[in-house]
Q: 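Quick one: the structure is below, questions incoming.
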Amino acid sequence: MVNNEVEIYYQCERLIYRFLQLLQADQAATADLFTEDAQAFTLNGRQAIREHFAGIAEVDHNVNVVLSSNLMVEVKDEDHATATNYVTHYVSDPVTDVTVPMGGPVGGETSIPRTITRWSWTFLRIEGEWLISKMAYPESVLLRKDVLDDLRAT
């Protein structure tokens, strides 16, 4: 089981990283990483997950960068695993008129993260493919003061 456990760990780790990568660029495509009947936050089913993330992408034109740390995967058995990790989320308004010395555009500017959250995942292997079956709503660990002020005002 040891070799298989390492492979399961790797597959689950890759799913998390792929999810976070898509979250920065093609949010609706994150749904393809979930089982058909998955739960994400309060959403039920892959289609509801796709619609939710597509809706965010339509209105969010910021530069979003997410960093993952402290990833812990627990292999339950050959077809089940869970994981937790922390995500540091940076958000910036796009900057369109600034270029780096090599000529490329600067996507945005940020000096501190907007949030640091703890994420919890459940994975299921279906027909040999590892997918996300449940993703809990991220637990806030740290919110920036201006973010907290905005939340308190609503």
Side-chain angles (χ1 to χ4, degrees), residues 1-94 96 105 107-108 110 112-144 146-148 150-154:
M1 170 93 171
V2 173
N3 285 339
N4 198 31
E5 192 170 326
V6 171
E7 179 62 24
I8 292 168
Y9 186 101
Y10 173 77
Q11 292 298 325
C12 295
E13 177 184 57
R14 296 302 309 145
L15 271 172
I16 291 171
Y17 290 148
R18 182 68 179 139
F19 176 89
L20 295 174
Q21 181 183 37
L22 289 170
L23 198 58
Q24 296 176 126
D26 188 5
Q27 294 181 5
T30 60
D32 297 330
L33 306 177
F34 287 85
T35 61
E36 193 63 42
D37 62 346
Q39 295 177 326
F41 319 133
T42 58
L43 307 168
N44 291 305
R46 186 183 289 154
Q47 189 56 35
I49 294 166
R50 185 178 314 285
E51 291 169 6
H52 170 77
F53 283 107
I56 293 172
E58 286 180 21
V59 297
D60 183 6
H61 302 292
N62 293 315
V63 176
N64 291 283
V65 176
V66 292
L67 303 174
S68 177
S69 63
N70 298 53
L71 175 60
M72 301 288 289
V73 176
E74 182 178 346
V75 177
K76 301 292 187 179
D77 60 37
E78 297 287 322
D79 296 316
H80 300 86
T82 60
T84 60
N85 68 314
Y86 288 86
V87 173
T88 304
H89 183 196
Y90 292 86
V91 179
S92 174
D93 290 330
T96 57
T110 187
I112 58 174
R114 175 185 169 107
T115 61
I116 300 173
T117 51
R118 181 178 184 269
W119 292 43
S120 298
W121 310 80
T122 303
F123 304 98
L124 180 63
R125 185 168 63 167
I126 298 176
E127 297 178 8
E129 180 181 14
W130 283 94
L131 297 167
I132 303 164
S133 62
K134 185 174 183 182
M135 184 174 76
Y137 196 83
E139 302 168 38
S140 295
V141 176
L142 177 66
L143 296 174
R144 210 170 59 204
D146 60 321
V147 173
L148 283 172
D150 285 347
L151 290 172
R152 289 179 181 127
T154 58

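Nothing here was measured: the structure is a model prediction, and the numbers come from that model. The residues of the chain are indexed from 1 along the displayed sequence.
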Q: Less than 4.5 Å apart, any side-chain heavy atom of Q27 and any of L22?
A: no
Q: Could you check if a side-chain atom of T82 sits within less than 4.5 angstrom of a side-chain atom of V75, using non-hydrogen atoms only?
A: no
Q: More than 12 heavy atoms of other residues, nucleotides or ligands under 6.0 Å from OH of Y9: is that the case?
A: yes
Q: If I take atom CG from residue L67 and atom CG from residue L20, how far apart are they, to the nearest 0.5 angstrom?
A: 9.5 Å
Q: Less than 4.5 Å apart, any side-chain heavy atom of L124 and any of W130?
A: no
Q: State which residues pass ring pair (Phe, Tyr, Trp, His ring centres under 6.0 Å) with W119; sequence neighbours excluded, sorted by chain then number.
A: F19, W121
Q: Any donor-acceptor pair under 3.5 Å linking the side chain of Q39 with the backbone of S133?
A: no
Q: side-chain contact (heavy atoms from CB on, under 4.5 Å) between F123 and L131: does it pass, once the steps are laid out?
A: CA-CA 6 Å; F123 304 98; L131 297 167; over 6 Å; no
Q: Does any non-hydrogen side-chain atom of N85 lie less than 4.5 Å from one of I16?
A: yes
Q: Could you give the distance from NZ (K76) to OG1 (T122), rounded to the nearest 0.5 Å?
A: 8.5 Å
Q: How many angstroms lie between CE in M135 and CG in L43, if you round to the nearest 0.5 Å?
A: 8.5 Å
Q: Yes or no on side-chain contact (heavy atoms from CB on, under 4.5 Å) for I116 and V87, after CA distance, side-chain angles and deciding distance?
A: CA-CA 6 Å; I116 300 173; V87 173; over 6 Å; no
Q: Can you list everything that forms a side chain to side chain contact (heavy atoms under 4.5 Å, CB included) with Q21? Sequence neighbours excluded, please.
A: R18
Q: Just do the salt bridge (Lys or Arg N to Asp or Glu O under 4.0 Å) check on D37 and R46 with the steps written out, would you?
A: CA-CA 6 Å; D37 62 346; R46 186 183 289 154; over 6 Å; no
Q: Identify the heavy atoms of V66 and H89 that sit nearest to each other, and give their distance.
A: CG1-CD2, 3.7 Å
Q: Side-chain contact, heavy-atom cut-off 4.5 Å: Y86 with T117?
A: no
Q: Return the OH to CG distance between Y17 and L23, rounded to the nearest 0.5 Å.
A: 15.0 Å
Q: Could you tell me if the side chain of K134 sits less than 4.5 Å from the side chain of S120, heavy atoms only?
A: no
Q: Does R125 use its side chain to pair, donor to acceptor, with the backbone of H80 at less than 3.5 Å?
A: no
Q: Do T35 and I132 touch side chain to side chain, with heavy atoms closer than 4.5 Å?
A: no
Q: Can you find a heavy atom in the side chain of R50 that is under 4.5 Å from one in the side chain of F34?
A: no
Q: Within a reach of under 6.0 Å around CZ of F41, are more than 12 heavy atoms found that belong to other residues, nucleotides or ligands?
A: yes
